[in-house]
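Worksheet: the structure to be examined is printed underneath.
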Amino acid sequence: MKIIVTGGAGFIGGNFCHYMVNTYPEDSIICVDKLTYAGNMETLAPIMEKDNFTFYKTDIADRTAIFELFQKEHPDVVVNFAAESHVDRSILDPAVFLRTNILGTGVLLDACREYGIKRYHQVSTDEVYGDLPLDRPDLFFTEETPLHTSSPYSASKASADLLVLAYVRTYKLPCTISRCSNNYGPYHFPEKFIPLMIANVLNGKKIPVYGKGENVRDWLFVEDHCIAIDQIIRKGTAGEIYNIGGHNERTNLEVAKTVLHELGKGEDFIEYVTDRPGHDRRYAIDPAKIHRELGWLPKTPFEEGIKKTIAWYLENRGWWENIISGEYQNYYETMYHNR
Ligand code: NAD
Ligand code: TYD
């Protein structure tokens with residue numbers, strides 16, 4: 001199989017490329033990435049020289065470039081990870097989210113129509129469902145939960161999902177969609193909560209907790225997400241949506257305390273800062289469908305995954321220190337100064 005993976009120089013796409021290149025030497029993995037601030041060739045360095053891996057620096061919203069690529073490569077499968085992915089950045093500047101997340105998805109779908117495809121897979125998020133109240137632990141997102149977005153990021157991802165479903169219905173394009181909960185693990189960009197906390201603590205800085213730290217996220221180790229997507233593209237049914245998550249709910253404060261404990265630091269490292277506007281309260285996935293239909297269940301409990309993640313950041317200081325020494329400093333100042 002020839003598989004185009006977009007956004008493969010980012011966090012989850014990068015982990016997916018590693019997983020696929022190493023698990024399926026007979027398949028050809030073609031990574032397509034614009035290399036925005038979030039894309040990092042160092043993430044791909046361990047697989048760059050592999051015979052079954054190719055990299056193209058290309059923007060998914062560039063119709064001419066994407067069509068030329070499809071004409072040259074004729075992929076069997078496309079897995080679209082490429083996106084602007086950070087809620088806080090979408091609040092600062094929504095426009096690029098609409099371009100990449102919606103128009104970029106539209107370009108890929110059109111290329112799939114033009115050149116033919118066995119499967120197009122859209123990597124979506126549980127954030128398209130909006131949030132759940134904190135006082136109803138019995139409620140979970142299912143694939144039937146209505147779309148009800150809160151941030152420009154989640155609105156752009158929901159728009160892309162609707163476009164994919166329209167191409168399924170109108171053009172009979174064989175697509176699947178997965179909606180996953182918060183990921184964590186190696187190669188996670190340090191603007192996101194868990195790697196930001198680890199990087200801050202290792203640099204002797206406090207960790208900014210929004211509001212009272214009561215918001216709940218459902219954390220999934222990134223390799224479990226990669227395995228789920230692999231199973232969906234091989235065994236999932238075209239036209240279907242699959243929620244991915246593993247009942248690993250934690251408040252942000254609990255996660256912060258766990259990270260501090262693992263790093264041998266006290267709670268005095270916590271700094272409560274002004275809350276995110278429109279901050280979603282709780283995300284919680286019901287993964288019954290993917291378990292029932294594809295037999296998928298997460299393998300890594302949070303306690304084990306967070307240890308592995310912290311160990312990776314300790315062993316790979318160069319990877320994240322390069323990031324936080326550059327342009328990222330300006331973002332950090334804008335987002336956290338006087339917050
Ligand atoms: P990320 O920000 O780490 O990586 C995104 C990648 O996409 C980067 O390599 C970037 O260079 C690339 N990219 C951005 N715009 C592009 C464009 N126009 N053309 C080509 N490449 C472009 O994101 P991530 O956390 O790895 O998320 C990957 C996908 O998974 C996204 O679609 C996101 O919505 C979804 N998702 C993420 C999470 C999570 O917890 N991180 C959870 C559920 C779903
Ligand atoms: P984040 O990693 O940005 O993912 P998402 O917003 O997609 O869930 O944030 C995870 C949670 O952590 C979210 O509730 C916001 C909170 N948070 C903080 O408290 N402080 C921070 O500095 C960041 C980046 C996030």
Side-chain angles (χ1 to χ4, degrees), residues 1-35 39-58 60 65-83 104-105 107-109 111-124 164 167-168 173-178 180 183 185-187 220-240 242 244 290 293-300:
M1 261 200 321
K2 207 178 233 195
I3 305 174
I4 284 188
V5 178
T6 72
F11 165 45
I12 309 175
N15 277 280
F16 186 73
C17 284
H18 286 218
Y19 177 79
M20 297 299 279
V21 162
N22 293 320
T23 311
Y24 301 104
E26 69 282 13
D27 286 344
S28 175
I29 308 301
I30 300 164
C31 174
V32 174
D33 198 296
K34 186 183 177 183
L35 296 180
N40 190 342
M41 289 307 287
E42 282 183 43
T43 298
L44 294 173
I47 54 170
M48 274 310 271
E49 302 306 323
K50 297 269 187 178
D51 289 342
N52 62 339
F53 184 74
T54 318
F55 177 82
Y56 288 92
K57 181 179 185 303
T58 307
I60 59 161
I66 289 294
F67 273 59
E68 277 172 14
L69 185 76
F70 273 64
Q71 188 165 35
K72 183 171 169 214
E73 295 288 357
H74 283 284
D76 301 298
V77 173
V78 173
V79 183
N80 181 26
F81 290 93
T105 299
V107 168
L108 291 172
L109 291 168
C112 290
R113 277 183 66 209
E114 177 75 20
Y115 294 101
I117 199 82
K118 291 195 182 113
R119 175 64 61 84
Y120 172 91
H121 182 73
Q122 177 72 4
V123 181
S124 186
V164 173
Y167 277 58
V168 169
L173 202 66
C175 306
T176 38
I177 297 175
S178 54
C180 190
N183 284 214
Y187 302 107
L220 185 73
F221 192 60
V222 62
E223 195 180 60
D224 282 323
H225 188 184
C226 296
I227 293 169
I229 292 175
D230 180 32
Q231 293 191 1
I232 293 169
I233 60 179
R234 282 165 208 274
K235 300 191 291 180
T237 308
E240 291 293 315
Y242 296 91
I244 306 174
I290 190 168
E293 295 189 8
L294 307 181
W296 178 88
L297 275 180
K299 291 182 181 157
T300 310

Working to the nearest 0.5 angstrom, can you tell me the gap between [X] [atom1] and [Y] [atom2]?
X	Y	atom1	atom2	value
Thr23	Ile227	OG1	CD1	8.0 Å
Ile290	Glu240	CD1	CD	11.5 Å
Ile232	Glu293	CD1	CD	10.0 Å
Thr237	Tyr242	OG1	OH	4.0 Å
Leu108	Ile4	CG	CD1	8.0 Å
Tyr115	His74	OH	NE2	7.0 Å

Can you list the steps and then say if Tyr56 with Glu73 is a side-chain hydrogen bond (donor to acceptor under 3.5 Å, both in side chains)? CA-CA 11 Å; Tyr56 288 92; Glu73 295 288 357; 2.4 Å; yes
For the student: nearest non-hydrogen atoms of [X] and [Y], plus distance:
X	Y	value
Tyr120	Cys112	CD1-SG, 3.7 Å
Gly8	Cys17	CA-SG, 4.0 Å
Cys31	Ala9	SG-N, 4.1 Å
Ile233	Ile3	CD1-CD1, 4.5 Å
Phe53	Val21	CD1-CG2, 3.7 Å
His121	Ser178	NE2-OG, 2.7 Å

Verdict with reasoning, Val123 to Phe16, per side-chain contact (heavy atoms from CB on, under 4.5 Å): CA-CA 11 Å; Val123 181; Phe16 186 73; over 6 Å; no
So do [Y] and [X] actually touch side chain to side chain, heavy atoms under 4.5 Å?
X	Y	result
Asp230	Met20	yes
Phe55	Leu35	yes
Thr58	Glu68	no
Pro75	Ile117	yes
Gln122	Cys175	no
Asn22	Lys50	yes

Donor-acceptor pair, distance only, cut-off 3.5 Å: does the side chain of [X] make one with the backbone of [Y]?
X	Y	answer
Trp296	Ile229	no
His18	Thr43	yes
Asn15	Tyr187	no
Arg113	Tyr167	no
Asn80	Thr6	no

Does the pair Met48 and Met41 meet the rule for a side-chain contact (heavy atoms from CB on, under 4.5 Å), with working shown? CA-CA 9 Å; Met48 274 310 271; Met41 289 307 287; 3.6 Å; yes
Measure up the Phe81 and His225 rings against each other and bin them: parallel (under 30°), tilted (30 to 60°), perpendicular (over 60°).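 Rings of Phe81 and His225: perpendicular, over 60°.
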Please walk me through it: do Val78 and Phe70 pass side-chain contact (heavy atoms from CB on, under 4.5 Å)? CA-CA 10 Å; Val78 173; Phe70 273 64; 3.6 Å; yes
Worked check of side-chain contact (heavy atoms from CB on, under 4.5 Å) between Thr176 and Arg119: CA-CA 7 Å; Thr176 38; Arg119 175 64 61 84; 3.3 Å; yes
Is the count of non-hydrogen atoms from other residues, nucleotides or ligands lying under 6.0 Å from Lys235 atom NZ greater than 12? yes
For Lys118, is there an ion pair with Asp76 - N to carboxylate O distance below 4.0 angstrom? yes
